[in-house]
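To start, the structure under review is shown below, and the notes come after it.
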Amino acid sequence: MKEKKFFNRSLFLLFVGFLVIIVMGCQSSESTNPESGENDPETDSSEPTDISISMRTLAFTHVENHPNINEDEYVNKLEEMTNVDLDITLVPHNEFEQKMDLMFASGDIPDVVSTSGAYGGGSTLRDAVRAGVFLPLGDLLKEHAPNLMEQVPESVWESVTFEDGKIYAIPEFLGNPSRRATIVRADLLEEAGIPVPKTPEEAWTVEETLDVLRKFKEMGVKEPYIGRAEFKYADTFFGSYDVFPYESQLEVVDGKIQPKFFDVENMTKALTTYKTMYEEGLIHSEFLTHEYNDYKNAGLSGNGGMWTMNANELLQWEAQIKESVPEADIEIIPSPRGPDGSGGHYLYGDVQRSFMINKDAEDKVVEIIKFLDWMLTEEAETYFSYGIEGEDYTLDGDQVNYNQPSTNEEINIERYRTGWLWMVKDTTYYANLLELSEEGKDLMNTYDTILAEEGRDGIRFNTAIEALDSTPQLQASSDKPAPFLLEKMAKIVTGEESVDTWAQVIEDWKQRGGDKYLEEIQERYDSGEFLESRR
């Protein structure tokens, strides 16, 4: 009898226990059902965040030649590491501003828009910010972006502060604004018996530089100085005379702020230098139509003797050129000095590109900020520098065994991974990679010994001048002359017009609308709304 009662009681407890399990299971099921209207943070955080983003190709070979960048293994790995699902729309490098204008006109704007500089990229971008298309990020950054707040310099945050005092852009920044450098084939100099200048004190004058180019020509170098359309990355001698015709190159003369190309005497000397190079065959006779690929191919095929490029890419170019010219040795040298004893290229702004978040993506703005903030973590630096562990590198304790890229394709992938896919960083150079070799350490030293001692800057404005919005022919960009000026410069260099006509070119520029530009910059300068020249 006693045994039967115990048996019944056990059955009852078992039954009750079974009911409890069912009820708990139902409760658990309800808590993870999105239709229940309740949130489960753990479940939500496990789901990847969908992020659509538009990005300029920046002429990166791996990006522009990829059949579908969204299927690239490094994009996929990035998504896995950050728990996001990216939908990248590529914006062609050479049509960036036009495509951006079309995007804003259509109203089909992705969650994240990558810009050029702080707020550059199409005339409608600035209007879109004013119209409230993008989210102000200041308070959100303070709450959710510890790495950005700690590592991005205060001056960079000032650069991405819009005219209303709010921050809409997360910046990729540049610690050292002297980024472009003069490159020479040191092996050709050795063959010619010409010492390689190593310090600013050893820099060549313009005339001495022309003599080196003449020697290269005698030696059979096809393009002693590599030129390029719009003088882009072919503007060394405008720096020698401090007359870059770019938007950031303004100076005060007799109390009036004006573009540096107003300096008729030195602009004439700079144009005369290019005219001499053109007439003597020291630059390609059709350089004014040569695009990026022509320029790069001339360098990598061994047809060039001297050119301009971003210093941080020196080792990648050197590895590529050795595929066709094994004996090639390229080095950074001090840029040719002008009459004031200085030279160099224009100083970059401290924001290279930035990322703005569409107001319609407000429901995931925190996840987007955290994704971009992750770019400044040690984990991100390791990933973008070395790639995928087990494939691109292995670890032996703390020792990184990196598979140095040796083919053009491998070099292009490394360049894409570090320079394009790594969206937010100090883009001066990639220390992790450079520290792996003596050549890399030498390159980092070059930043302090040569590049830090040269470069041209001017008075700048945080937001673009608007007086020329209706006359784009007169509007210069960060590193391209206004189309009107470019046409005149080309005619002078090729001999179609006299080099003595530059004063008249300036007067024509004023009459076509330049006067309004001068009025606006004077007004903004007088009101103190400007950034001082850094050199």
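Residue numbers start at 1 and run along the sequence shown.
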Answer yes if the side chains of Y346 and D235 hold a donor-acceptor pair under 3.5 Å, and no otherwise.
-> no
Hey, is E454 close enough to R535 for a salt bridge, meaning N to O under 4.0 Å?
-> no
So which pairs with a foot in residues 103-117 pass salt bridge (Lys or Arg N to Asp or Glu O under 4.0 Å), sequence neighbours left out?
-> D111-K364
Under-4.0 Å salt bridge between D479 and K232 = yes
Residues S54 and T89: side-chain donor-acceptor under 3.5 angstrom | no
Can the ring centres of F262 and W509 be said to be less than 6.0 Å apart?
-> yes
With T236 via side-chain contact (heavy atoms from CB on, under 4.5 Å) - residues at least two apart | T182, Y225, T308, P336, H345
When rounded to the nearest 0.5 angstrom, what is the spacing between OH in Y416 and CG in L421?
-> 4.5 Å
Exercise: do Y402 and E414 side chains pair donor with acceptor under 3.5 Å = yes
Should the pair Y168 and Y119 be assigned to parallel (<30°), tilted (30 to 60°) or perpendicular (>60°) ring geometry?
-> perpendicular
Salt bridge flag under 4.0 Å for residues K77 and E80 | yes
Flag for Y383-R417: side-chain donor and acceptor within less than 3.5 Å | no
Ionic contact status for R56 with E172, cut-off 4.0 Å = no
Is the shortest distance from a Lys or Arg side-chain nitrogen in R130 or E163 to a carboxylate oxygen in the other one below 4.0 Å?
-> yes
Kindly state whether the ring of F60 and the ring of W422 have centres lying under 6.0 angstrom apart.
-> no
Applying side-chain contact (heavy atoms from CB on, under 4.5 Å), name anything that partners D263, two or more places apart in sequence or on another chain.
-> V243, E265, N266
Distance only, no hydrogens: is a donor on one side chain within 3.5 Å (strictly under) of an acceptor on the other, for Q352 and R179?
-> yes
Is NZ or CZ of R456 both nearer than 6.0 Å to the six-membered ring centre of F244 and within 45° of the ring axis?
-> no
Below 6.0 angstrom between ring centroids: does that apply to F238 and F261?
-> no
Does the Q258 side chain pair with the main chain of V253, one donor and one acceptor, at a distance under 3.5 Å?
-> no
